[in-house]
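Data block below; observations after.
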Amino acid sequence: MDDARDAVKSAILAAIRTIPRGQVRGYGEVARLAGLPGRARLVARILSENDDAALPWHRVLRSDGRIAFPERSKGYLEQSRRLKAEGVKVESGRVRGIRAAPTEDEALWGPR
DNA sequence: CGAGTGACCCTAT
DNA sequence: AATAGGGCCACTC
């Protein structure tokens with residue numbers, strides 16, 4: 001059974017739903033909020049598999065505030081459009097006004 | 001079980 | 001600011 005996997009998916013989706021309108025979060029941030037530190041990639045995969053139209057997936061970006069899609073991609077345009085519609089400023093494929101707390105990630109990824 | 005891939009992240013140059 | 005290198009996780013072949 002994929003109970004565990006389903007639970008993880010639900011947790012991630014819930015975390016994404018927690019993002020307030022007009023604001024954005026990073027994949028790693030979402031993963032951490034979902035109780036899955038270091039599984040940012042998993043979040044991305046879940047999003048690719050997700051089919052919930054009510055899910056604000058467009059509020060999920062990379063840590064740099066960059067959209068995780070190539071500019072020519074359809075998803076990029078869609079996400080950019082939706083973000084702008086919510087009052088988020090997007091320039092050159094990157095969002096302004098965000099700062100995904102890197103300090104926490106540093107503790108986890110920062111190996112040194 | 002090894003190798004390849006991806007809507008990722010970090011450090012260093 | 002942009003590029004290069006290394007790492008971690010989950011899935012597929």
Side-chain angles (χ1 to χ4, degrees):
Chain A
M1 332 251 11
D2 345 349
D3 287 8
R5 207 184 66 176
D6 205 20
V8 167
K9 187 169 67 171
S10 296
I12 292 173
L13 294 177
I16 294 173
R17 273 178 254 243
T18 312
I19 305 174
R21 180 180 173 284
Q23 205 171 358
V24 295
R25 285 292 173 87
Y27 291 88
E29 184 94 31
V30 171
R32 201 170 45 228
L33 287 170
L36 305 160
R39 278 132 186 102
R41 244 167 159 160
L42 180 59
V43 174
R45 207 184 81 77
I46 295 298
L47 277 179
S48 65
E49 293 284 309
N50 109 314
D51 45 346
D52 191 337
L55 184 77
W57 61 271
H58 54 270
R59 292 177 196 156
V60 185
L61 321 165
R62 298 207 319 209
S63 307
D64 299 1
R66 264 268 233 194
I67 295 180
F69 280 107
E71 293 190 19
R72 272 168 236 138
S73 189
K74 180 92 180 311
Y76 166 82
L77 291 172
E78 187 72 22
Q79 185 164 13
S80 169
R81 198 153 72 111
R82 283 183 135 188
L83 286 172
K84 287 183 193 170
E86 294 199 353
V88 180
K89 294 192 181 286
V90 184
E91 284 190 31
S92 301
R94 84 177 74 172
V95 174
R96 299 229 345 204
I98 67 112
R99 196 60 117 213
T103 48
E104 296 284 325
D105 281 353
E106 253 186 73
L108 187 101
W109 294 89
R112 204 9 140 118

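All chains are named by letter (A, B, ...) in the order of the sequence lines, taking the proteins before the strands, and each is independently numbered beginning at 1.
- Atom pair L42(A):CG and dC8(C):P shows a separation of 17 Å (rounding to whole Å applied).
- Between Y27(A) and R41(A), every side-chain heavy-atom pair lies at or beyond the 4.5 Å cut-off.
- Grouping the Ile, Leu, Val, Met, Phe, Trp and Tyr side chains by contacts below 4.5 angstrom, directly or via other members, places L33(A) apart from L47(A).
- Comparing the same atom, P, in dG6(C) and in dA7(B) gives a spacing of 22 Å after rounding to whole Å.
- In this structure, R81(A) places its CZ atom where only 12 or fewer heavy-atom neighbours from other residues, nucleotides or ligands lie under 6.0 Å away.
- No donor-acceptor contact under 3.5 Å links the side chain of R45(A) to the base of dG6(B).
- The separation between D52(A) atom CG and dA7(B) atom P is 20 Å, rounded to whole Å.
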Expected list for residues 87-94 of chain A: side-chain donor-acceptor pairs under 3.5 angstrom, two or more places apart:
none

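- Between the CD atom of E49(A) and the P atom of dG6(B) there is a distance of 14 Å, rounded to whole Å.
- In this structure, CD1 of I67(A) is placed 11 Å from C1' of dA7(B), rounded to the nearest angstrom.
- Distance, F69(A) CZ to dG6(B) C1': 11 Å, rounded to whole Å.
- OP1 and OP2 of dA7(B) both lie 4.0 Å or more from every side-chain N or O belonging to S73(A).
- Atom CD1 in I19(A) sits about 14 Å away from atom C1' in dA7(B), given to the nearest Å.
- Taking atom CD1 of residue I16(A) and atom P of nucleotide dA7(B), one finds them 15 Å apart after rounding to whole Å.
- Taking only distance into account, the side chain of R39(A) never meets the base of dC9(C) through a donor-acceptor pair shorter than 3.5 Å.
- Rounded to an integer number of Å, the gap from CD of E29(A) to P of dC8(B) is 16 Å.
- Comparing R41(A) and R94(A) by the nucleotide of DNA chain C that holds the closest heavy atom to each, the one mapping nearer the 5' end is R94(A).
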